[in-house]
There are 4 protein chains.
Amino acid sequence: MRKHADEASSTKQDRHTELVKIAYHEIVEKGFEGLRIRDVAAKAGVNNATLHYYFRTKETLIHGVVQYLMQEFTTQRIPRENNEESNALNAIRYEFEDMRFRLKSMPEMFTVLAELSLRSRRDAGIAEMMKQTKLGWSHYLRGLLMDGIEQGVIRKSIDVEATIDLIMLQMSAIGYQSVELGYSDGLDRIISLLIVQTERFLTDED
Amino acid sequence: MRKHADEASSTKQDRHTELVKIAYHEIVEKGFEGLRIRDVAAKAGVNNATLHYYFRTKETLIHGVVQYLMQEFTTQRIPRENNEESNALNAIRYEFEDMRFRLKSMPEMFTVLAELSLRSRRDAGIAEMMKQTKLGWSHYLRGLLMDGIEQGVIRKSIDVEATIDLIMLQMSAIGYQSVELGYSDGLDRIISLLIVQTERFLTDED
Amino acid sequence: MRKHADEASSTKQDRHTELVKIAYHEIVEKGFEGLRIRDVAAKAGVNNATLHYYFRTKETLIHGVVQYLMQEFTTQRIPRENNEESNALNAIRYEFEDMRFRLKSMPEMFTVLAELSLRSRRDAGIAEMMKQTKLGWSHYLRGLLMDGIEQGVIRKSIDVEATIDLIMLQMSAIGYQSVELGYSDGLDRIISLLIVQTERFLTDED
Amino acid sequence: MRKHADEASSTKQDRHTELVKIAYHEIVEKGFEGLRIRDVAAKAGVNNATLHYYFRTKETLIHGVVQYLMQEFTTQRIPRENNEESNALNAIRYEFEDMRFRLKSMPEMFTVLAELSLRSRRDAGIAEMMKQTKLGWSHYLRGLLMDGIEQGVIRKSIDVEATIDLIMLQMSAIGYQSVELGYSDGLDRIISLLIVQTERFLTDED
DNA sequence: GATGAATGAGCATTCATTCAT
DNA sequence: AATGAATGAATGCTCATTCAT
């Protein structure tokens, strides 16, 4: 019960994160519909009033989950050397490969993402957080595409904005698919197809 | 309240469908999470016990919605002459065009579809109904692809099964995208890109 | 569906009795608490509104069950020759034997009787019907006791009214016991004991 | 509302018992059929959700009532000196006297007992609790009878098991009778008759 | 920081009853 | 005589939230 002084400062943050993670996994299992403040508290081994001490409302907790997820999504990638990405076309392929990596190693992330996406329609807070993440992503892709054009590895004639959207849409599609059917060899093959298709699209003159 | 003679015989069916349609729109607005039997009944102008007369449980009503949606999804397409589809490659493009048509004229359908997809993870009944529809769809696409190969308009070297999955995934992706951001010119452009990409994929030898 | 003319007049009565009997068996299985107008109607193969045509309210139906039960209770006995009962002491023993007979051949009767007895506390109608039956029974026993005294087979010194109550209480006791534990050899032995005890009580001078 | 310092620690237990007692009296008045969670809560002056805080389900509350009743039944007796019971025959008479005492001072107990007995047919939990109490009772009587035989105040020739059943049945009978007609002088007389009859049965060689 | 107790508002479901046909 | 449709009034139960301690 009692903590050492040096732990005390981080204790609150710890519990905060702990509760968010539990909520996250509850959503994976039961969806937003099935998320119960009491269940989260129980799994954390605390009273449900205690949870309200950390998160004033259920909504606050959910926003905590969103933040956690968005951060995870941006952070969790295949570790690789910086110079590997020197070629923009490769970097884009790496994006797909990162997706494959996440799909295999943390499939629940996409379940929560799908739940979140739906909920964002009715929760402006969630919508905003997701929008920011997407903006960051599209910004990154824009940079890659323009680098690629400059490097001469991507054809000049592409419609940059539409291409960004196309790539993001295809990656989202993979995520949704995995939520519906789980990760499979079939999905793996499709990712490979998409990589080929995308590379061809980015390089072949019509 | 008023009843035409020719309507009288189908009253029960009417109310059944009426309730399903109302539930459908409630789901569009508030999601599954926000679906309340009482609200549906109220919007239909009947007592909530009456709703239970038609649908024994909430689940039954929801399954009614699924059935309605699946049927709508399969039925609502751009009306066109039979002979137009004679070319299999065209027919596949028509699939995308139908999608565009649905996206514009009945965007709510995709919202419900997304909700359904998520819920199917926890409701075997829904999962089964959706699976059947998807099976029907993939069956249809398989036919088209093989016709196309036979007609010589699609290259022999494609992996038929993977291609089916790829096309369905891309179409689903469009749906999800529209749920998140609504229909937009951007999405319209992406569809066009996808059509081009797909046709190229189906015809160009590597 | 259509009935012959000679059946028509008794049809209504038939359905009436049919419904009462079904209700009776529903009470046996599920108790008053579990009695549902709809279930009775369903088992009779009619619409529940039809049941309301025959019995305006649930209470009416229940009163029908009481009447049916009380009549059954008074009627169902071991068939025996009139002259067998010439001896009043024998006649009283026959009462116990009839009880044994009913216990074995129609145990459900006592279940309903127990349910009824409890319900009579809150339903004046039931209370009255049961009271009448009990009055008839005590009247009959009184006659037997006085005959017995006159015949010299029962001692003059008994308190007639108290003895009537005692006998009725013991018989009720047997009924309740059978409801709780079902009919058993143990109960059978107790009945025999009670017969002996009662005869001794009625004949032995203290 | 007001709380003494010495009561404070046992508040939860208090409310628990309070709710059980209220439920108990509701059953007396309206039977199991008429027991409403809301009414119990209202009479306790608490929100009905509060009742669910103490008793997760209606069934749990009812089981609480059973437990309470069974304990009351075993505990509530005429206070008497230990040495008074030294004679086993007296002790058995005391059983009847205790019954008379309970009948007069807490007649509702037998109403609930009757309701319980009926309900136990459909509720295994209740059945079990009642069975245990009955087992304890029969065990106690067996001890008395065998003591009596050893002491020479009860004849050796009795069938111990059947006698236990007989005594218990007669006591139950008294209870049921009081439920039906309330406590009366008539019932009082019957108890006296039963005591005499039982003593005679236990002592007289046939 | 943490908790036990309490609650308001709500929810799906049930059921006897009614009524137009 | 019979029924399909409809309903009002409950009913047990749930859940996020609050508050005194």
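A note on names: the letters A, B, ... follow the listed sequences, proteins ahead of strands, and every chain is numbered from 1. For the numbers below, each heavy atom of this structure counts, side chains included, while hydrogens, waters and symmetry mates do not.
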Quiz item: For residues 25-62 of chain C, which residue pairs qualify under ring-ring contact (aromatic ring centres under 6.0 Å, His included), counting only residues two or more places apart or in two chains?
Solution: C:His16-C:Phe55
Quiz item: Is the shortest side-chain N to carboxylate O distance from A:Arg36 to A:Glu26 below 4.0 Å?
Solution: no
Practice problem: Give a yes/no on whether any side-chain N or O of A:Arg38 is located under 4.0 angstrom from OP1 or OP2 of F:dC15. | Solution: no
Quiz item: In whole Å, what is the span from the CG atom of D:Asp14 to the P atom of E:dA5?
Solution: 12 Å
Exercise. Let me know the distance between CG of B:Asp39 and P of E:dG10, rounded to the nearest Å.
Key: 11 Å
Quiz prompt | Nearest-angstrom distance from the residue atom CZ of B:Phe32 to C1' of E:dA12 | solution = 16 Å
Quiz item: Going through the distances and angles, do D:Glu115 and D:Arg121 end up as a salt bridge (Lys or Arg N to Asp or Glu O under 4.0 Å)?
Solution: CA-CA 11 Å; D:Glu115 296 273 356; D:Arg121 291 172 56 84; over 6 Å; no
Exercise. Answer yes or no: does atom CZ of D:Arg56 have more than 12 heavy-atom neighbours from other residues, nucleotides or ligands under 6.0 Å?
Key: no
Quiz prompt | Rounded distance in Å - CG (C:Leu35) to C1' (E:dC15) | solution = 12 Å
Quiz item: With no hydrogens and no angle check, is any side-chain donor or acceptor of B:Lys43 less than 3.5 Å from a backbone partner on B:Leu19?
Solution: no
Exercise. Kindly say whether D:Asp123 contributes a backbone atom to a donor-acceptor pair with the side chain of D:Ser120 at under 3.5 angstrom?
Key: no
Practice problem: Give a yes or no on whether a salt bridge exists between D:Glu18 and D:Arg15, defined as a side-chain N under 4.0 angstrom from a carboxylate O. | Solution: yes
Quiz item: For F:dA6, does either OP1 or OP2 sit under 4.0 Å from a side-chain N or O belonging to B:Arg15?
Solution: yes
Practice problem: Give the rounded distance in Å between these two atoms: CG of C:Leu19 and C1' of F:dT3. | Solution: 15 Å
Quiz prompt | Pairing annotation in dot-bracket form, given for DNA chain E with Watson-Crick or G-U pairs under 3.5 Å and | for cross-strand partners | solution = .||||||||||||||||||||
Quiz item: How about D:Lys21: does its NZ atom have over 12 heavy atoms from other parts shown lying under 6.0 Å from it?
Solution: no
Quiz item: Roughly, in whole Å, what's the span from CD in B:Glu33 to C1' in F:dT14?
Solution: 15 Å
Self-check item: Whole angstrom value for the distance that separates P of F:dG4 from CD1 of C:Ile37
Solution: 17 Å
Quiz item: So, are C:Arg119 and D:Glu33 salt-bridged, with charged N and O less than 4.0 Å apart?
Solution: yes
Quiz prompt | Members of residues 46-61 of chain C that approach DNA chain E, where some heavy atom sits under 4.0 Å away | solution = C:Asn48, C:Ala49, C:His52, C:Thr57, C:Lys58
Self-check item: Value in whole Å for how far the C1' atom of E:dA6 lies from CD of D:Glu18
Solution: 14 Å
